[in-house]
Enquirer: 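Before I ask anything, here is the structure I am working with.
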Amino acid sequence: MRCSFLDFEDLRSHVQTEKSVPKPSDESLITDPFNAFVPGSAVQVEGASEGPLAGLKFAAKDIYDVAGFVTGGGNPDWARTHDPAETHAPVVQTLLDAGAALVGKTITDELTRGILGSNAHYGTPVNPRAPDRFPGGSSSGSACAVAGGLVDFALGSDTGGSVRIPASFCGLYGLRPTHGRLPLAGVLQQAPSFDTVGWFADDAEIMARIGAAILGAEPIDPQIDRLIVASDAFEVAGEAVAIALAPAINRLKAHAKQTVAMRLCPTSLGEWRRAKQIEQDWEAFQSLGDWIIKTNPRLAYETALRLVRAANLDESDLQNARPVRESHRETMAGLLKSGSMVVLPSAPG
């Protein structure tokens with residue numbers, strides 16, 4: 001059955017616009033010239049006195065539970081209708097136990113339903129590396145806090161690029177780990193079969209230390225037997241991106257026994273994108289739909305449009321998308337055998 005919690009004619013009264021952005025609160029604990037932190041989110045939790053991350057400061061995307069504070073999710077009505085968290089999200093607790101200190105919650109695209117990094121309620125964080133351009137989302141505040149030197153590293157999350165895109169746009173290291181590798185307990189989830197914990201750093205050594213602390217394993221230096229350059233992904237991104245990334249590819253080639261150019265998708269990457277979008281939208285409405293229907297929250301126009309689209313999917317849409325996803329998994333599993341690496345642009349432009 002198709003359902004719609006919101007008619008397009010009702011959007012005008014339901015939408016929050018950029019004009020209503022609140023002013024930063026004096027409660028903020030650190031100077032924030034990039035609007036990276038949630039206004040008024042005076043969150044500070046000291047880490048253990050000793051540990052592999054002792055002395056480092058970090059921020060957390062405002063979808064991670066921090067005991068005693070409300071998880072806002074980039075939407076003031078979500079914050080208003082939810083109680084303070086009773087415990088830290090496991091990944092936050094792990095970082096605190098490793099000695100890092102949490103100094104604030106960062107802005108996210110509303111309910112993580114975006115990729116540019118904008119937020120109609122709290123404003124768009126400023127990209128420190130390119131102030132006239134979007135920072136990328138949905139982990140925009142976390143990326144801007146790191147790129148601007150406000151923290152040593154920051155937690156984000158990645159459902160469909162929400163660490164990879166802002167890492168690319170802000171010139172950072174960013175990691176989306178293998179799905180399911182880290183627990184999502186204490187995290188505001190959008191599409192659970194895609195959602196992952198992720199993080200940013202501006203220093204490779206710090207990035208590795210975080211990985212060791214969170215993943216519970218030391219980094220390894222793998223031998224690259226086969227480097228696969230995803231030619232269809234580079235075609236989508238365009239010639240300018242290919243030229244800009246050529247030096248990085250050449251550095252990788254020096255460490256590989258073999259380099260091959262290959263199309264990842266036998267038909268079109270657009271087919272994979274469409275199927276992925278259907279599954280993600282479906283799961284997002286399963287996660288958020290009951291709250292939206294009950295609360296009738298203020299939503300940014302683009303967020304509302306995405307959720308209207310999600311609400312009007314039905315089981316047949318999902319059944320058509322799932323075989324494409326399984327085919328994608330099989331293809332990538334075949335390519336990513338031990339010693340193989342695929343290289344592709346982090347963003348489509």
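Computed over heavy atoms, backbone and side chain alike; hydrogens, waters and symmetry mates excluded.
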Enquirer: Does CG in Asn320 sit with more than 12 non-hydrogen atoms of other residues, nucleotides or ligands closer than 6.0 Å?
Expert: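 Yes - once you tally the heavy atoms of other residues, nucleotides and ligands closer than 6.0 Å, there are more than 12.
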
Enquirer: Is there a donor-acceptor contact under 3.5 Å from the side chain of Ser327 to the main chain of Pro323?
Expert: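 Answer holds: no.
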
Enquirer: Check for a donor-acceptor pair, side chain of Arg209 on one end and backbone N or O of Pro52 on the other, with a separation under 3.5 Å.
Expert: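 It does hold such a pair.
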
Enquirer: Any side-chain to backbone donor/acceptor pair from Asp317 onto Ile278? Under 3.5 Å, distance only.
Expert: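 It does not hold such a pair.
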
Enquirer: Can you name the closest pair of heavy atoms from Ser142 and Thr106 and give their distance?
Expert: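 Shortest heavy-atom contact: OG-OG1, 2.7 Å.
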
Enquirer: Any donor-acceptor pair under 3.5 Å linking the side chain of Asp232 with the backbone of Leu269?
Expert: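 No; zero donor-acceptor contacts below 3.5 Å.
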
Enquirer: About how many Å separate CZ of Phe153 and CZ of Phe200, when rounded to the nearest 0.5 Å?
Expert: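 Those atoms lie 13.0 Å apart.
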
Enquirer: Side-chain contact, heavy-atom cut-off 4.5 Å: Glu110 with His121?
Expert: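 A side-chain contact under 4.5 Å exists here.
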
Enquirer: Taking all atoms of both residues into account, what is the closest heavy-atom pair of Tyr64 and Ser157, and its distance?
Expert: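 Where Tyr64 meets Ser157 most closely, the heavy atoms are OH-CB, 4.0 Å.
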
Enquirer: Are side-chain heavy atoms of Leu172 and Trp199 found at a separation under 4.5 Å?
Expert: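 Contact flag for Leu172/Trp199 side chains = no.
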
Enquirer: Just how far is it from atom CG of Leu188 to atom CG of Asn75, taken to the nearest 0.5 Å?
Expert: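 So the gap between those two atoms works out to 10.0 Å.
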
Enquirer: Which residues satisfy the side-chain hydrogen bond (donor to acceptor under 3.5 Å, both in side chains) test with Arg80, sequence neighbours excluded?
Expert: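 In terms of side-chain hydrogen bond (donor to acceptor under 3.5 Å, both in side chains), with neighbours along the sequence ignored, Arg80 is linked to Asp77.
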
Enquirer: Closest approach of Gly160 and Ile115, non-hydrogen atoms and distance?
Expert: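 Shortest heavy-atom contact: O-CD1, 4.1 Å.
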
Enquirer: Before you tell me yes or no, could you show the steps for His328 and Glu271 under side chain to side chain contact (heavy atoms under 4.5 Å, CB included), namely the whole-Å CA-CA distance, both residues' side-chain angles and the distance that decides it to 0.1 Å?
Expert: CA-CA 10 Å; His328 181 186; Glu271 178 187 12; over 6 Å; no

Enquirer: May I have the step-by-step check of side chain to side chain contact (heavy atoms under 4.5 Å, CB included) for Thr267 and Trp272, ending in yes or no?
Expert: CA-CA 9 Å; Thr267 53; Trp272 285 358; 5.7 Å; no

Enquirer: Any donor and acceptor pair, going by atom type alone, linking the side chain of Asp152 with main-chain N or O of Lys57 inside 3.5 Å?
Expert: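 Side chain of Asp152 to backbone of Lys57, a donor-acceptor pair under 3.5 Å: yes, one is there.
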
Enquirer: If we check side chain to side chain contact (heavy atoms under 4.5 Å, CB included) with Phe37, which of these qualifies: Val43, Leu150, Asp62, Thr31?
Expert: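 Output: one option passes, namely Leu150.
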
Enquirer: Within the distance-only criterion (no hydrogens, no angle test), does the side chain of Asn312 pair as donor or acceptor with the backbone N or O of Val308 below 3.5 angstrom?
Expert: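 A pair under 3.5 Å: yes.
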
Enquirer: Side chains of Lys257 and Gln223: does their closest heavy-atom pair fall under 4.5 Å?
Expert: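 In short, these two side chains touch, coming nearer than 4.5 Å.
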
Enquirer: What distance separates Leu116 CG from Ser140 OG, expressed to the nearest 0.5 Å?
Expert: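 So the CG of Leu116 and the OG of Ser140 are separated by 9.5 Å.
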
Enquirer: Return yes when atom CD of Glu239 has more than 12 non-hydrogen atoms of other residues, nucleotides or ligands closer than 6.0 Å, and no otherwise.
Expert: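 Incorrect, the count does not exceed 12.
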
Enquirer: Counting distance only, does the side-chain N/O of Ser268 pair as donor-acceptor with the main-chain N or O of Gly270 below 3.5 Å?
Expert: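 Judged by distance alone, yes, a pair lies under 3.5 Å.
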
Enquirer: To the nearest 0.5 Å, what is the distance between CZ (Arg164) and OG (Ser139)?
Expert: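 Reported to 0.5 Å precision, the distance equals 10.5 Å.
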
Enquirer: So if I apply the side chain to side chain contact (heavy atoms under 4.5 Å, CB included) rule between Leu53 and each of Leu95, Leu96, Asp97, Ile206, which one comes out positive?
Expert: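 Answer after filtering Leu95, Leu96, Asp97, Ile206: Leu95.
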
Enquirer: Given the rule in the salt bridge (charged side-chain N to carboxylate O under 4.0 Å, His left out) test, do Glu326 and Arg322 qualify, once you have shown the distances and angles that lead to the verdict?
Expert: CA-CA 6 Å; Glu326 291 308 312; Arg322 280 179 172 162; over 6 Å; no

Enquirer: Please state whether the rings of Trp78 and Trp291 are parallel, tilted or perpendicular, taking 30° and 60° as the class boundaries.
Expert: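 Trp78 and Trp291: perpendicular rings.
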
Enquirer: Check whether any side-chain heavy atom of Asn119 lies under 4.5 Å from a side-chain heavy atom of Asp109, and answer yes or no.
Expert: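 SC-SC contact between Asn119 and Asp109 ruled out.
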
Enquirer: Tell me whether the count of non-hydrogen atoms from other residues, nucleotides or ligands lying under 6.0 Å of CD in Glu50 goes above 12.
Expert: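 Open.
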
Enquirer: With side chain to side chain donor-acceptor pair (under 3.5 Å) as the test, would you mind laying out the steps for Thr81 and Lys294 before giving the verdict?
Expert: CA-CA 11 Å; Thr81 56; Lys294 178 181 178 181; over 6 Å; no

Enquirer: Report the distance from atom CZ of Arg325 to atom CD of Glu330, rounding to the nearest 0.5 Å.
Expert: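 If we round to the nearest 0.5 Å, Arg325:CZ and Glu330:CD are 13.0 Å apart.
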
Enquirer: Is there side-chain contact between Pro128 and Phe34, with at least one heavy-atom pair below 4.5 Å?
Expert: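 In contact.
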
Enquirer: Is it the case that more than 12 heavy atoms not belonging to Glu86 sit under 6.0 Å from its CD atom?
Expert: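 No, CD of Glu86 has 12 or fewer neighbouring heavy atoms, counting only those of other groups under 6.0 Å.
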
Enquirer: Any side-chain heavy atom of Asp202 sitting closer than 4.5 Å to one from Arg129?
Expert: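 Yes, side chains in contact.
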
Enquirer: Is there a side chain to side chain contact (heavy atoms under 4.5 Å, CB included) between Thr124 and Asn35 once you walk through the steps?
Expert: CA-CA 7 Å; Thr124 299; Asn35 191 43; 5.8 Å; no

Enquirer: Do Phe69 and His88 come within less than 4.5 Å of each other through their side chains, counting heavy atoms only?
Expert: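 No - every pair of side-chain heavy atoms lies 4.5 Å or more apart.
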
Enquirer: Within 45° of the ring axis of Phe194 and under 6.0 Å from its six-membered ring centre, is that where the NZ or CZ of Lys276 lies?
Expert: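 Geometry flag: set, cation within 6.0 Å and 45°.
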
Enquirer: If every non-hydrogen atom of Ala230 is compared with every non-hydrogen atom of Val342, which pair is closest and at what distance?
Expert: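 Shortest heavy-atom separation between Ala230 and Val342 comes out as CB-CG1, 4.3 Å.
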
Enquirer: Can you check whether Leu227 reaches Gln258 side chain to side chain, under 4.5 Å on heavy atoms?
Expert: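 A side-chain contact is absent here, since even the closest heavy-atom pair is not under 4.5 Å.
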
Enquirer: Please round to the nearest 0.5 Å and tell me the distance separating atom CZ of Arg306 and atom CG of Leu299.
Expert: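 Going from the CZ atom of Arg306 to the CG atom of Leu299 covers 11.5 Å.
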
Enquirer: Would you tell me whether Ser168 and Ser346 have side-chain atoms, one donor and one acceptor, within less than 3.5 Å of each other?
Expert: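 Checked: Ser168/Ser346 side chains show no N/O donor-acceptor pair below 3.5 Å.
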
Enquirer: Run Ile292 and Leu307 through side chain to side chain contact (heavy atoms under 4.5 Å, CB included) and show every step you take.
Expert: CA-CA 9 Å; Ile292 290 169; Leu307 288 166; 3.5 Å; yes

Enquirer: Could you go through Ser193 and Glu283, starting from their C-alpha distance and side-chain angles, then the distance that decides it, and tell me whether this counts as side chain to side chain donor-acceptor pair (under 3.5 Å)?
Expert: CA-CA 8 Å; Ser193 78; Glu283 292 187 25; 2.4 Å; yes

Enquirer: Tell me the closest heavy-atom pair linking Phe285 and Ala310, and the distance in Å.
Expert: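 Looks like CB-CB, 4.0 Å.
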
Enquirer: Which side-chain hydrogen bond (donor to acceptor under 3.5 Å, both in side chains) pairs, counting each pair once, include a residue from residues 172-192, with sequence neighbours left out?
Expert: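 Sorted pair list: Thr112-Gln190, Arg113-Gln190, Asp158-Arg176, Gln190-Gln280.
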
Enquirer: If you look at every heavy atom in Asp65 and Thr71, which pair is closest and at what distance?
Expert: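 Looking at all heavy atoms of both residues, the shortest contact is OD1-OG1, 2.6 Å.
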
Enquirer: Does Asp225 use its side chain to pair, donor to acceptor, with the backbone of Met341 at less than 3.5 Å?
Expert: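 It does not hold such a pair.
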
